[in-house]
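Notes for the one structure printed next.
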Amino acid sequence: QLQASGGGLVQAGGSLRLSCAAPGRRFLNNAISWFRQAPGKERAFVASISWSGVTTDYADSIKGRFTISRDNAKNMVYLQMNSLKPEDTAVYYCAASRGSVGGTYLTQYNNWGQGTLVTVSS
């Protein structure tokens, strides 16, 4: 199972770094992505990174502010979030793809972490 952490309360304009732990070597060949779910809204794609770390993809709403990275030696994936806005408030989930390629659809992922809450105050 994936384990997401690093959420918290931050003021607008601040930064947070989320971590996703992937115990063991189980997910080394999978893309890992972050999704988020704001209150009353559907879970939405945020960012993804290929198994090698070479290819990344971002939702338009966070491009230029968030950066996804992974350290396969530590079985970790990170989401660095800068210039946070109140609309970034959500529960953030990490997920491993079914295959080696990620995507923006929930159905492309079959291993999910428990979520970590990010609250951005104005």
Side-chain angles (χ1 to χ4, degrees):
Q1 278 290 353
L2 300 174
Q3 299 168 358
S5 62
L9 174 63
V10 64
Q11 289 188 331
S15 298
L16 280 175
R17 188 177 81 156
L18 305 184
S19 298
C20 177
R25 300 177 63 84
R26 183 181 174 190
F27 300 111
L28 285 183
N29 295 324
N30 300 93
I32 303 290
S33 292
W34 288 94
F35 289 76
R36 68 185 182 186
Q37 187 165 16
K41 295 188 177 181
E42 295 184 350
R43 195 170 299 188
F45 171 78
V46 175
S48 69
I49 189 164
S50 63
W51 68 271
S52 65
V54 172
T55 303
T56 58
D57 190 22
Y58 296 94
D60 288 343
S61 60
I62 57 87
K63 277 182 181 176
R65 299 189 296 122
F66 293 9
T67 302
I68 190 170
S69 61
R70 69 189 295 167
D71 184 340
N72 284 342
K74 297 181 179 179
N75 297 321
M76 296 292 293
V77 174
Y78 305 100
L79 185 68
Q80 178 66 43
M81 306 187 296
N82 298 328
S83 302
L84 283 161
K85 304 175 181 180
E87 52 263 43
D88 294 319
T89 294
V91 177
Y92 284 71
Y93 299 88
C94 57
S97 64
R98 293 181 182 275
S100 61
V101 178
T104 62
Y105 297 100
L106 297 173
T107 54
Q108 293 172 298
Y109 299 85
N110 60 352
N111 281 282
W112 292 82
Q114 81 285 7
T116 184
L117 176 63
V118 172
T119 304
V120 184
S121 63
S122 57

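Note: hydrogens, waters and symmetry copies are ignored here, and every other heavy atom, side chains too, is used.
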Q: Check for a donor-acceptor pair, side chain of Arg43 on one end and backbone N or O of Ala38 on the other, with a separation under 3.5 Å.
A: no
Q. Taking the side chain as C-beta and beyond, is there a heavy-atom pair between Val91 and Arg36 under 4.5 Å?
A. no
Q | Within-4.5 Å side-chain heavy-atom neighbours: Leu2 and Trp112 | A | no
Q | Contact check, side chains of Asn111 and Phe27, non-hydrogen atoms, under 4.5 Å | A | yes
**Q.** Side chain to side chain, Leu16 and Leu79, heavy atoms closer than 4.5 Å
**A.** no
Q) Nearest 0.5 Å, what's the CG-CD distance between Leu18 and Gln80? A) 9.0 Å
Q.
Any side-chain to backbone donor/acceptor pair from Arg70 onto Ser50? Under 3.5 Å, distance only.
A. yes
(Q) Taking the ring centre of each residue, are Phe45 and Phe35 less than 6.0 Å apart? (A) yes
Q: Could you give me the CA-CA distance, side-chain angles and deciding distance for Asp88 and Lys85, then say whether salt bridge (Lys or Arg N to Asp or Glu O under 4.0 Å) is met?
A: CA-CA 5 Å; Asp88 294 319; Lys85 304 175 181 180; over 6 Å; no
Q.
For Thr55 and Val101: C-alpha separation, side-chain torsions, deciding distance, then whether side-chain contact (heavy atoms from CB on, under 4.5 Å) applies.
A. CA-CA 10 Å; Thr55 303; Val101 178; over 6 Å; no
Q.
Using only atom types and a distance under 3.5 Å, with no angle test, would you say the side chain of Ser122 pairs donor to acceptor with the backbone of Pro86?
A. no
Q. Run the side-chain contact (heavy atoms from CB on, under 4.5 Å) check on Tyr58 and Thr67 step by step: do they pass?
A. CA-CA 8 Å; Tyr58 296 94; Thr67 302; 3.8 Å; yes
Q.
Which heavy atom of Tyr109 sits nearest to which heavy atom of Ser33, and what is that distance?
A. OH-OG, 2.6 Å
Q: In sequence, state the C-alpha distance, the side-chain angles, and the governing distance for Val46 and Ile62, and then conclude on side-chain contact (heavy atoms from CB on, under 4.5 Å).
A: CA-CA 7 Å; Val46 175; Ile62 57 87; 4.1 Å; yes
Q: Identify whether NZ of Lys or CZ of Arg in Arg17 sits under 6.0 Å from the centre of the six-membered ring of Tyr78 and within 45° of that ring's axis.
A: yes
Q | Same apolar cluster: Ile32 and Leu106, side chain cutoff 4.5 Å | A | no
Q | Sidechain-backbone polar pair: Thr89 side chain, Thr119 backbone, donor-acceptor under 3.5 Å | A | no
Q. Can you check side-chain contact (heavy atoms from CB on, under 4.5 Å) on Trp51 and Asn30, steps first, answer last?
A. CA-CA 5 Å; Trp51 68 271; Asn30 300 93; 5.8 Å; no
Q) Under 4.5 Å between any side-chain heavy atoms of Gln108 and Ser97, yes or no? A) no
(Q) Would you say that Ser19 contacts Met76 through its side chain, given a criterion of any heavy-atom pair below 4.5 Å between the two side chains? (A) yes
Q.
Between Asn82 and Ser15, does the side chain to side chain donor-acceptor pair (under 3.5 Å) criterion hold? Intermediate values first, please.
A. CA-CA 4 Å; Asn82 298 328; Ser15 298; 2.9 Å; yes
Q. Has the side chain of Thr116 got a donor or acceptor atom that lies under 3.5 Å from a matching backbone atom of Ser5?
A. no
Q: Locate the shortest heavy-atom distance separating Leu9 from Ser121; write the atom from each residue and the value.
A: CD1-CB, 4.3 Å
Q | Tyr93 with Leu84, same ILVMFWY side-chain cluster at under 4.5 Å | A | no
Q) Is the shortest heavy-atom distance from the side chain of Gln114 to the side chain of Cys94 under 4.5 Å? A) no
